[in-house]
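First the structure, in the form of structure tokens, and then the observations on it.
Convention: sequence-line order gives letters A, B, ...; per-chain numbering from 1.
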Amino acid sequence: MNRQQLTGWGRTAPSFATVVRPSSDEEVARWLGEAPVIARGLGRSYGDAAQVAGGVVLDNSGLRGMGPISPDGVVTVGAGLSLDEIITTALPQGWFVPVTPGTRQVSVGGAIAADVHGKNHHRDGSFGDHVLEMHLVTPTGERTVSPTVDPDLFWATLGGMGLTGVVTRVTLRLIRVTSDRVLVDTDRFDTLDEVMAAMVSGDDDYRYSVAWVDCMTRGKSMGRAILTRGEHLDDSSADAPRAPRPARLAVPFSAPPGLLNPLSIRLFNEAWFRKAPRQRRGEIQSLGAFFHPLDGVADWNRLYGPRGFVQYQFAVSDAHADTVVEAISRLSASGVPSFLAVLKRFGPGNSGPLSFPIAGWTLALDLPVGPSRLPGVLDDLDDLVVGAGGRVYLAKDARLRPDRLRAMYPRLDHFLEVARRVDPEGRLVSDLSRRLNLR
Amino acid sequence: MDNAFAQPQTVVVLGGSSDIARAIVRKLCAERARTVVLAGRDATLLERAGEEARDFGATSTPVILFDALDPSNAGTTIDRCFEAAGGQVDLVIVALGLLGQQSHDESDVAATLAMMNVNFTWPVAALTRVRSHLLDQGRGRILVLSSVASVRVRASAYLYGGAKAGLDRLCQGMADSLRGTGVSLQLVRPGVVRTRMTEGLSPAPFTTGVNEVADVVMKGLADSRAVIWSPPILRYVFAVLRHLPGVLWRMVMDRAN
Ligand SMILES: Cc1cc2nc3c(=O)[nH]c(=O)nc-3n(C[C@H](O)[C@H](O)[C@H](O)COP(=O)(O)OP(=O)(O)OC[C@H]3O[C@@H](n4cnc5c(N)ncnc54)[C@H](O)[C@@H]3O)c2cc1C
């Protein structure tokens, strides 16, 4: 047994737990006899979701295996496989994952527990919308759940942050691709209003869309943005698609560790905007460069120094688009340094009571821990978001006030009911669930 | 749980009615603290401190009674505090203290023992148990209220200063021993603070109010400083004072008194 200190990707609020690596349903079931206990994937959630102080953490990387891909793209995989591993096997056969977050280094279990979304949410929904079935080990036994078999448990598990049991196997549907490249259109906008208007009118024409917004520049350039949108390149004539290589790009900015300050961040943002064309059509990019630009730099989270960083990500409906504008202007006025924020459109959400997406907008930004006004600025943003009927993303959260959770997720009580059914003694606990009084 | 900004939600205060502790608790509650276990001797004062904490956002403020004159109860008192917290404890504040009356206590064995028990022996015994609980938890922080009086012990308050010096040095060692465990201990060294305890004393240089101390402590907690001086300038003042030749030290301190 291995006692280890764990944090999320933001490297805040560390805690010690016993880390074990079960490799079968039986072993998982045995470990669920312990309490408190929680699963962990690749630790890419930003906060304290995949750790439990003083408890047992089940590293899911032993839950491996990948079945054959059926002619219509259906495949069963171990929940400990990473999306990277799935892509590596599937892409040469002409298949790609239906949804990918901004990094390939997430496990299938983590993708389910956070019900992750990608740049195609407005078209294709979240990860859970492509899951046909999953096998779940709970403290009260094992079951296979699907949208038709115990749908309550199925949906509660999507976005349920590991609190309904440990997913060990997942059957999902991949998408057909004929190349390993993406056709990308890029547009640069001088104001937030312009880019948002362009996204509302044009996103439906693209499968993938995301905008990078500058939250640091005040005045006229506040909210300037670069919008990139793309489609898989259809090229059946080419060689078989090749999996993205574990590229090692250079760090795209030169701040030494711990030196991410308002000045260096502003310089980075400036360089990023200078480099983008006003408009470019039909550029061909590799899948890796388009979907996972940050994966080329291992451990880039260390650049934020020993105190780490938080990501604030919220979603609001179209009726509250002004919340996005207000949030960006508040952050820009507060002088809290932040790299480019990511702005995306969401399509309708699904039935998961804790699944994050709701139709409208989502904005995400990374903020270094340190400035003493940051906690208060974010608490105020929570109020703004709650007032707009929105919510923050638990996979990114490391600081939400517990009493805001119910307002953000109105179906929280339904979730708790399902969780209690499969885990009446409350063994499944994480530092996040403790912090948010989730159980 | 502590969040990413190291804002605690569950706090245990030993010496819960102390003015400095109350000021810190008010600020912690204004942030994230919801459960505040208040342990001490005087039920009425602790209840009042609990009400105050609830005014600032706490939702649960259990009171645990103990008498620090008897160090043998320290272990069970801590167990009761952790049980009352009902889950993981993020921060334990050790704030009990007895200033005493040096001119009387210095020739009274019982009074001297009382000074040592309240200011040193009970807190140390309690820390032993706190340490084990937090190590089992896999995380947690301890904040010990020492005093600048511990840096160099003065003739006119050597019982108080000496006991605090023992506590302070012992805690420095304990803090080092906790490195890499997920548990940490921070010391606060306030100068003279206007409180009930110091009422009637003639004002000394760098005297502050409890809210100023609490502000400095909040910042020190967020920054994980090993030693929090309040006001911060005292760190430099005492860097000089502690090395003054004895003659000068006595002159300065006599004048300050
Ligand atoms: C650079 C970067 C970009 C990102 N971009 C996006 C994005 O675009 N969209 C998006 O949605 N998210 C994004 N994320 C967040 C990330 O996709 C999620 O946090 C995801 O959950 C991480 O998966 P993981 O395997 O690392 O899980 P971990 O972080 O280890 O765990 C996350 C949760 O999953 C649970 N869990 C893990 N395995 C299992 C299992 N087998 N059974 C049950 N529960 C389990 C854990 O208990 C925990 O609650 C990004 C993160 C990073 C670092």
Tell me whether [X] at atom [atom1] has more than 12 heavy atoms from other residues, nucleotides or ligands lying less than 6.0 Å away.
X: B:R80; atom1: CZ; value: yes
X: B:R179; atom1: CZ; value: no
X: B:R54; atom1: CZ; value: yes
X: B:I233; atom1: CD1; value: no

If I compare all heavy atoms of B:D2 with all of A:D48, which pair ends up nearest, and what's the gap?
O-OD2, 4.5 Å
How close do B:N3 and A:A13 get, heavy atom to heavy atom, and via which atoms?
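The answer is O-CB, 3.9 Å.
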Carefully, step by step, assess B:R34 and A:R401 under the rule side chain to side chain contact (heavy atoms under 4.5 Å, CB included).
CA-CA 11 Å; B:R34 292 298 169 264; A:R401 249 184 147 100; 3.1 Å; yes
Portion of B:Q9 that has a non-hydrogen atom of chain A nearer than 4.5 angstrom:
side chain
Report which part of B:T181 has an atom under 4.5 Å of a heavy atom belonging to chain A: side chain, backbone, both, or neither.
backbone
Is a salt bridge present between B:D223 and A:R307, judged by a nitrogen-to-oxygen distance below 4.0 Å?
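Yes, B:D223 and A:R307 are salt-bridged.
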Between A:D379 and B:R32, is there a side-chain N and carboxylate O pair less than 4.0 Å apart?
yes
Is there side-chain contact between [X] and [Y], with at least one heavy-atom pair below 4.5 Å?
X: A:P375; Y: B:Q7; answer: yes
X: B:Q88; Y: A:R435; answer: no
X: A:L378; Y: B:F5; answer: yes

Between CZ on residue B:R139 and CD on residue A:Q51, distance to nearest 0.5 Å
9.0 Å
So what's closer than 4.5 Å to chain B heavy atoms on A:S15: side chain, backbone, both or neither?
both
